[in-house]
Amino acid sequence: MRLAELAVAEAAGAVLVHLTRAGARVLKKGKVLDEEDVAALAAAGIARVTCAVLDAEDVAEDRAAQELAEALLGPDTRREPAKTGRCNLFAVRAGLCVVRSADIDALNELDERVTVATLPDGTAVQAGEMIATIKIIPFAVPRDVLDELIRRARAPKGRSPALAIHGWRPKRAGLILTAFPETPPALLARAEAAQRERMARCAGELVETRVVPHELDAVTEALGELAAHGYDPILALGASAIMDREDVIPAAVVRAGGVLQRFGMPVDPGNLLLLASLPRPPGPSAQVIGVPGCARSLKRSGFDWVLERCCAGLATSSAEIARLGTGGLLEEIGLRPSPRAATDGAHDPARIAAIVLAAGSSQRMGSVKLLEPVGGQPLVRWAVEAALASRARPVVVVTGHRQADVAAAVADLDVMLVHNPRHEEGMASSLRAGVRAVEHSDAAVICLGDMPKVSGALINEVLEAFDPTDAPIVIPTHQHKRGNPVLWARRFFAEILTLRGDVGARALLERHADEICLLPVGDPAILLDVDTPRALELLRATSSPE
């Protein structure tokens, strides 16, 4: 093929290179000019046009794109007619799009004039979704080049195609959730709901859920029973993350007669995934997946990749998982924990700041509740004094509504005042303001200005539970209910600074559910806030928050 500027009288049969107006007629780029087109161009006073002239061995762009698409079609894929040198491929059914990356690379390396773009390998798709596009960049390619592309695109006998849809199988799954005595039922319910939704997305069903103690015997028994019921896969999500092949869940798989295939995955989130198999006499073995804690939410993780392959009837090997590291960082998740430093047993205590949120406008109270007198002093002062009675330093008070009055209420105390001019946007804006003020601390405990019965000793309990690696988020609980204050390691500060709205850090707690340390405490003060006039009345009736 060559490009040439042709006299209009000689242009019939050539391919127009640029959009051209010929009177009322618009001739689009790529049009093969016919006699009527030539007459229209001449009538418009156009003497010469730039055209592509195909050689005898050239294949026109649409035909070339369609021939290559035909060679690439795999199970449950279809193509649409090519237009302007482009041919798109689509999924015929819902399932997993499996791409042999090396084969696609070989096509794109052969000749720059032909490009093939696909979805990433392992993408879950719906019926009718586009999965690939072929584009012939010039107006034609030589027949010998196209023939070589077609040869490379066609899968040899016994080899899987370069592009295929593996439809979902109607899988019936069983789920084991382990629990400690203090594990909140709501946490278990959310974890079950997330796995039920995942199975439904893959056209499967979560049929049975067992909640058992986080103990070897209990998990072993549950595994055996779910296998006997014929479930595949069997999902096991622990109250505590799997940390070793000898931990409770993998040890239970072995005791139940199963085989451990891999522990650990180079995908984040999803590192702490276990892959195993468990006999199901008289049928084939069931896949057992030790579920990482991040899967308590529906945010995508390495677990989704493994579960989707299972639900599409595809085997997953340890070697395949090992190759997922490149591209395995699935999201911007802030800084990951630093490795434990080697020490002789001594270490510097963590520098933990306290942030007291005191910026709200108290709309439900009908007054500024933080300034309401309780026991002879403003309500907010009780929370600030409690923070000062703990070992947290510095103590930051975030002001907003009635800034001057709230500041005056704590003016004689050793605190850092930080004003939030955007307090009307909601609690997240105050969290951001507080975190910016303590960015060099190892952690921050977030205290609420309307929780006057939380004591300094209780805050210290939360601080003592903190560990930057094993307990980076600490939430106190009372009778299985979560409360405040909540402590966050510094590595979450960057994510806190992205929060918006009036729901606080709830979304981050869902995202990092596997990193939460639930700390049982005996004091119900962690659940008591003053949100209504009635609550304030009851507090005053006790004469003081103590």
Side-chain angles (χ1 to χ4, degrees), residues 173 175-199 206 209-215 218-219 222 233-253 262-276 288-307 321 328-331 333-337 465-475 477 480 482 486-489 491-492 495 505-520:
L175 172 65
I176 298 170
L177 296 172
T178 75
F180 296 126
E182 66 273 14
T183 301
L187 185 67
L188 296 170
R190 285 197 298 272
E192 179 184 17
Q195 309 334 310
R196 191 176 303 282
E197 172 67 17
R198 281 188 169 94
M199 289 302 301
L206 178 59
T209 299
R210 296 288 184 91
V211 178
V212 301
H214 191 73
E215 298 169 359
V219 178
I234 298 172
L235 312 177
L237 175 53
S240 178
I242 303 172
M243 299 304 297
D244 187 85
R245 278 178 168 254
E246 296 182 0
D247 211 337
V248 171
I249 289 175
V253 171
R262 185 178 182 94
F263 171 60
M265 186 176 196
V267 178
D268 195 352
N271 291 139
L272 303 181
L273 179 137
L274 174 75
L275 191 64
V288 178
I289 306 174
V291 182
C294 58
R296 288 189 177 91
S297 79
L298 283 170
K299 194 169 186 74
R300 192 162 180 81
S301 70
F303 167 62
D304 292 280
W305 185 88
V306 173
L307 180 66
I321 291 178
L329 186 60
L330 298 185
E331 60 172 348
I333 46 180
L335 298 175
R336 284 292 165 194
F466 169 67
D467 182 280
T469 301
D470 295 328
I473 304 172
V474 182
I475 302 179
T477 67
H480 307 301
R482 296 188 187 193
V486 175
L487 182 147
W488 295 86
R491 61 186 170 90
F492 301 107
E495 289 181 87
R506 190 181 307 160
L508 296 191
L509 294 176
E510 292 286 345
R511 183 182 306 170
H512 298 289
D514 58 326
E515 299 185 90
I516 293 173
C517 168
L518 296 175
L519 174 68

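Remark: Ile473 CD1 to Leu487 CG distance equals 9.5 Å, nearest 0.5 Å. The line from CG of Leu235 to CD1 of Ile176 is 9.0 Å long, rounded to the nearest 0.5 Å. The structure places CD of Glu192 at 3.5 Å from OG1 of Thr209, a figure rounded to the nearest 0.5 Å. Considering CD of Glu197 and CG of Leu206, their distance stands at 11.5 Å, rounded to 0.5 Å. Going from atom CD1 of Ile475 over to atom CH2 of Trp488 covers 7.0 Å, rounded to the nearest 0.5 Å. Annotation: the span from Leu177 atom CG to Leu188 atom CG amounts to 5.5 Å, rounded to 0.5 Å.
Of all heavy-atom pairs spanning Thr178 and Ala239, the tightest one is OG1-N, 2.6 Å. Taking both residues in full, the closest heavy atoms of Glu246 and Pro250 are given as N-CG, 4.5 Å, listed atom of the first, atom of the second, then distance. Between Val212 and Ala222, the closest heavy-atom pair is CG1-CB, 4.2 Å. In terms of heavy-atom proximity, Gly302 sits nearest to Met265 at O-CE, 3.3 Å. Scanning all heavy atoms of the two residues, the minimum distance from Gly264 to Ile321 falls at O-CG2, 4.0 Å. The minimum heavy-atom distance between Cys517 and Ala471, with the atom names listed, is CB-CB, 3.6 Å.
Proximity of Val267 to Leu273: side-chain heavy atoms (C-beta onward) are nowhere separated by under 4.5 Å. Residues Met243 and Leu272 meet the side-chain proximity criterion, which asks for heavy atoms closer than 4.5 Å. You'll find the side chain of Leu307 reaches within 4.5 Å of the side chain of Met199, heavy atoms only. With contacts defined as side-chain heavy-atom distances shorter than 4.5 Å, the pair Arg491/His512 does not qualify. Side chains of Asp247 and Phe263 form no contact here, defined as non-hydrogen atoms less than 4.5 Å apart. Leu330 is listed as a side-chain neighbour of Pro269, based on a closest heavy-atom distance under 4.5 Å. When side chains are defined from C-beta on, Leu518 does not count as touching Phe180, because their heavy atoms never get closer than 4.5 Å. Pro472 has its side chain within reach of Phe492: a pair of non-hydrogen atoms, C-beta onward, lies under 4.5 Å apart.
Residue Arg296 is tested with Leu509, Ile516, Leu237 for a side-chain contact (heavy atoms from CB on, under 4.5 Å); the sole match is Leu237. Remark: of the listed residues Val219, Val253, Ile242, Val219 is the sole one forming a side-chain contact (heavy atoms from CB on, under 4.5 Å) with Val248.
When atom types are taken as modelled, the side chain of Glu510 and the backbone of Arg506 share no donor-acceptor pair closer than 3.5 angstrom. The backbone N or O of Ala295 lies less than 3.5 Å from a partner atom in the side chain of Arg198, making a donor-acceptor pair.
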